[in-house]
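Since the structure is predicted, the reported quantities are computational estimates derived from the model, not experimental observations. Residue numbers start from 1 in every chain, and the chains themselves are labelled A, B, ... in the order their sequence lines are given, proteins ahead of strands.
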Amino acid sequence: MTEAYIKNLKQFEGQTVTLKGWVSNKRESKGLVFLNIRDGYGICQCVVDAAKVSEEVFSNASKLTLESSLSISGTVVFDEKQIGGVELQVTNVEIYQIASEYPIAKKEHGVEFLADRRHLWLRSQRQWAIMRIRNRIIYSIHQFFQEQDFVQMDAPIFTGNACEGTSNLFETDFFGETAYLSQSGQLYGEAMAFAMNKIYTFGPTFRAEKSKTRRHLAEFWMIEPEMAFHDIFMNMDLIEGMLRRIVTDVIATCETELGVIGRDVEMLKNVVKPFPRLTYDEAVRIIKGEQDVNGKNSIKTIEEDITSANARLIEINNEIKEREDKIASGSLKKGEISFNQAKIDKLKNEIKDVEEDLRNLPLWLNSAKNFEYGNDFGGSDETVITRLFDVPIMVYNWPHAVKAFYLKRDPNDSRFARGVDVLAPEGYGEIVGGGERETDEQLLIEKIKEHELPMEAFEWYLDLRRYGSVKHAGFGLGLERIVCWLCKLPHVREAIPFPRMMGRVLP
RNA sequence: UCCUUGAUAGCUCAGCUGGUUAGAGCGAGUGACUGUUAAUCACUAGGUCCCUGGUUCGAGCCCAGGUCAGGGAGCCA
């Protein structure tokens with residue numbers, strides 16, 4: 001018997017094959033059992049007809065519960081109604097295990113309920129699609145760098161260095177010494193670049209931020225390239241090339257997955273256009289509404305958002321009332337009542353979201369209007385500015401006081417540091433942070449003192465400026481952030497198999 | 001740490017200004033139905049209304065404190 005994966009089933013039309021998988025849905029009527037089987041590659045409807053199989057096979061099929069595991073054989077037949085264009089006319093069913101009552105229903109669930117069952121939630125279609133897109137992104141990143149002679153070299157996870165202060169580090173006991181879980185491999189990346197010319201790291205990163213927002217995890221995966229002989233402009237070219245490569249690859253190879261999650265790819269297709277490069281000064285003027293972008297003004301855009309949110313609220317309430325009246329009229333069939341009730345549930349959830357927006361938007365408006373020149377951007381400022389663009393934007397030349405100690409001062413204006421942040425469109429905000437590194441040993445020493453960092457821990461780093469120092473640059477890409485943007489997820493917790501955040505270490 | 005919203009059946013929610021025995025849909029169980037796509041239909045079971053204290057003739061609803069969770073600020077990828 002030929003074994004097949006569901007994704008290839010069409011090639012086997014007319015033949016008899018065996019699938020190994022799990023029951024993802026089941027419908028029954030007299031003499032017929034319809035099984036949706038998933039094998040990790042796809043989903044296929046399998047039809048068990050009492051008239052065509054033995055009594056034993058039919059009763060086995062009837063016994064199956066959701067997520068039971070089995071091996072199922074049958075003839076692949078054409079059926080235009082099916083998603084894959086084919087279904088399986090079953091001849092045999094071999095049960096591996098009958099699953100207990102599966103907790104995740106075919107209906108909607110709350111976030112906490114699903115998070116507690118993440119180990120099972122991963123089996124659902126949407127999560128399947130997200131994880132496959134994540135996989136494609138990782139693959140594209142490796143291809144992109146390997147094709148350009150980068151060497152993957154990993155930084156340690158236990159580290160004695162506190163890159164940007166110790167407040168957000170996880171402390172561990174390392175044979176009696178204090179060690180921290182790495183919050184960036186960048187300093188090591190610089191050392192490795194001086195050995196290899198161009199390197200990239202790809203590993204987990206830890207931040208003990210007590211933040212509960214849709215953009216933060218305590219453990220996330222970061223890609224950190226570092227290149228010798230590169231300045232900030234070459235760095236920006238590389239970032240742009242990398243992002244363009246990732247996005248075009250995902251669009252080209254993940255059509256099914258993007259379809260499953262309902263991602264509209266039109267916006268993503270814009271990445272072929274050049275990414276605008278704004279200085280910090282320009283970006284601040286745009287955020288404060290002093291400068292328009294393509295006829296769009298940041299302040300006006302938020303004000304419009306508030307107006308349309310209020311209008312939407314009225315609209316939703318009217319629709320709920322309409323549907324409630326319909327149900328109350330008593331003229332509907334049972335199926336129509338549940339349909340309307342499901343719609344009402346959905347609308348009520350939307351009300352909560354819209355009300356949340358209405359609480360936040362005025363605060364963001366204020367924050368944008370009163371943005372103080374010289375500060376770093378907040379999450380809302382990033383959202384406000386990126387909403388005006390349809391491609392990622394790069395903001396560079398930041399006030400050196402708000403940026404990390406290792407960034408190079410702008411040779412033309414010492415108030416600025418040559419850092420660059422890349423902000424994703426559709427409100428997603430920062431996905432990349434990077435810059436050109438300071439090469440002047442004295443300036444670095446000053447900065448380390450200014451940031452009150454322990455000098456001894458950075459002696460090795462200063463060596464890089466003493467032995468063959470050259471200009472160099474690099475950046476860090478947050479994997480979950482880009483997954484989040486490409487899949488248009490509402491929260492990063494869905495962008496990683498097992499998210500780690502405040503209050504969540506299990507499962 | 002601060003601001004803000006919430007916790008009612010296995011799940012998603014409703015429950016009016018405080019008033020008798022707390023409801024619906026889904027899921028589960030049983031039965032019906034030979035082509036279903038979250039199948040449909042009928043019936044059945046299913047509750048410490050998050051915890052502690054208070055106000056009241058009476059609390060799911062009001063008040064105080066706590067626990068847990070969602071969203072946001074700060075900080076960041």
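Residues meeting the salt bridge (Lys or Arg N to Asp or Glu O under 4.0 Å) test with A:E67, sequence neighbours left out: A:R38, A:R123. Scanning for side-chain contact (heavy atoms from CB on, under 4.5 Å) contacts around A:N375 gives A:F371, A:E372, with sequence neighbours left out. For A:K63, the side chain to side chain donor-acceptor pair (under 3.5 Å) partners two or more places apart in sequence, or in a different chain, are A:N60. A search for salt bridge (Lys or Arg N to Asp or Glu O under 4.0 Å) contacts involving A:D237 returns A:R277, not counting sequence neighbours. Applying the ring-ring contact (aromatic ring centres under 6.0 Å, His included) rule to A:F158 yields the partners A:F174; only residues at least two apart in sequence or on another chain are considered. Checked against salt bridge (Lys or Arg N to Asp or Glu O under 4.0 Å), A:D381 has no partners two or more places apart in sequence or in another chain. Checked against salt bridge (Lys or Arg N to Asp or Glu O under 4.0 Å), A:D305 has the following partners two or more places apart in sequence or in another chain: A:R387.
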Give the dot-bracket string for RNA chain B, reading 5' to 3', where a pair is Watson-Crick or G-U wobble with both distances under 3.5 Å, ( ) marks pairs inside the strand, [ ] marks pairs crossing earlier ones, | marks a partner on another strand, and . marks unpaired.
(((((((..((((.....[...)))).(((((.......))))).....(((((..]....))))))))))))....

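When A:L19, A:L64, A:I98 are each tested for a side-chain contact (heavy atoms from CB on, under 4.5 Å) with A:L70, only one passes: A:L64.
Residues in residues 200-219 of chain A take part in these ring pair (Phe, Tyr, Trp, His ring centres under 6.0 Å) pairs, two or more places apart or across chains: A:H142-A:Y200, A:H142-A:F202, A:F145-A:Y200. Annotation: salt bridge (charged side-chain N to carboxylate O under 4.0 Å, His left out) contacts involving residues 478-489 of chain A, sequence neighbours excluded, comprise A:R134-A:E480, A:E426-A:K488.
Remark: A:K81, A:Q82, A:E87 in residues 80-88 of chain A come within less than 4.0 Å of RNA chain B through at least one heavy atom.
Distance A:L361 CG to B:G72 P: 12 Å, rounded to the nearest Å.
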Could you run down the sub-3.5 Å N/O contacts of the protein with nucleotides 45-49 of chain B?
none

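Not a single donor-acceptor contact under 3.5 angstrom links the side-chain atoms of A:R117 to the base of B:C11.
Comparing atom distances between the A:F34 side chain and each of B:A28, B:U36, B:A73 picks out B:U36 as nearest.
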